[in-house]
Amino acid sequence: YAAGNFHMFPKGLTPETVREKLNAVLRNTDHPYLWFPSLVTDSDMSSNDLTNWDAVLAPTTREFVTTAGSILWGERSLHLAGADTGEGAESEDFDVTENEQMIVFVSVRVLAGSISVILRRVTATAADLKTVTSLNERTFTDVFFRETVPDGMRLASLQFLGAETG
């Protein structure tokens, strides 16, 4: 038979039995997956609500983009343009616990100028806890750091601010 595919099974083994056993293996298999829990409201930007990412001062552009080349994870990314030094966007405030070890992980891509990622203390007197500067790579770059929440701090936020215009 010139144009056919044949599946041969040993005596007593049927296609239904093979399918049933393969499904059992798949149901009982544990495998790694990506899941990024976050304290930040709408950290994956899936709600498509720009009010979760407040403007800091007056960047020329603060919008979500959905073009494939501009997204590393999820459906959309936050696009900032024309952000002079100190302009950009900030997450909503989120609750933190004194002395907890906070892990910050974000991926940024800079097409012009440079950007800073800032973990900010919101409680009482606002202050920057940790700043990563001079991010100016045209490909996605991971920003990763740990920071201990100081005594008395109850709220934090993340800022993405222009460090220099391009």
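- When side chains are defined from C-beta on, W53 counts as touching D42, because their heavy atoms get closer than 4.5 Å.
- Nearest heavy-atom pair across S77 and S70 is OG-O, 2.8 Å.
- Both F145 and V106 are assigned to one and the same hydrophobic cluster, defined by single-linkage of ILVMFWY side chains at heavy-atom distances under 4.5 Å.
- A distance of 3.5 Å separates CD in Q101 from OG1 in T148, rounded to the nearest 0.5 Å.
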**Request:** Go through the steps to decide whether Q159 and V56 satisfy the test side chain to side chain contact (heavy atoms under 4.5 Å, CB included), and finish with yes or no.
**Result:** CA-CA 8 Å; Q159 289 184 336; V56 175; 4.2 Å; yes

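- Looking at R120, its side chain never comes within 3.5 Å of a backbone N or O of K130 through a donor-acceptor pair.
- Considering all non-hydrogen atoms of both residues, L72 and F140 come closest at N-CZ, 3.7 Å.
- The hydrophobic clustering, which links ILVMFWY residues whose side-chain heavy atoms are closer than 4.5 Å, places F94 and M45 together.
- Partner of T123 under the side-chain contact (heavy atoms from CB on, under 4.5 Å) criterion, out of D93, D95, V96, L155: L155 alone.
- Heavy-atom minimum distance, M102 versus V149: CE-CG2, 3.5 Å.
- In this structure, T41 contributes its side chain and L39 its backbone to no donor-acceptor pair below 3.5 Å.
- Side-chain contact between I115 and L161: absent, with no pair of heavy atoms (C-beta onward) separated by less than 4.5 Å.
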**Trace of the side chain to side chain contact (heavy atoms under 4.5 Å, CB included) decision for L135 with V143** = CA-CA 9 Å; L135 298 164; V143 175; 3.6 Å; yes

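- Residues V117 and T131 are not in side-chain contact: their nearest non-hydrogen atoms beyond the backbone lie 4.5 Å or more apart.
- No side-chain heavy atom of V18 sits less than 4.5 Å from a side-chain heavy atom of P15.
- Note that the OG1 atom of T97 and the CE atom of M153 stand 10.5 Å from one another [nearest 0.5 Å].
- Between I118 and F160 the shortest side-chain heavy-atom distance does not fall below 4.5 Å.
- Here the closest non-hydrogen pair linking A156 and L119 is CB-CD1, 4.3 Å.
- Counting only heavy atoms from C-beta outward, the side chains of E98 and R154 approach each other to under 4.5 Å.
- Nearest heavy atom pair, residue G113 against residue N136, reads O-CB, 3.4 Å.
- The minimum heavy-atom distance between E90 and S157, with the atom names listed, is OE2-OG, 2.6 Å.
- At least one side-chain heavy atom of D151 sits less than 4.5 Å from a side-chain heavy atom of N99.
- Here the side chains of T61 and H79 are in contact, with some heavy-atom distance below 4.5 Å.
- One distance of note links CZ of R76 with CD1 of I71; it measures 8.0 Å at 0.5 Å rounding.
- With R109 contributing its side chain and G69 its backbone, the two residues share a donor-acceptor pair below 3.5 Å.
- Atom OG of S43 and atom CD of E92 lie 13.0 Å apart (nearest 0.5 Å).
- Between the CG atom of N52 and the OG atom of S47 there is a distance of 4.5 Å, given to the nearest 0.5 Å.
- Side-chain polar atoms of D142 and S107 form a donor-acceptor pair below 3.5 angstrom.
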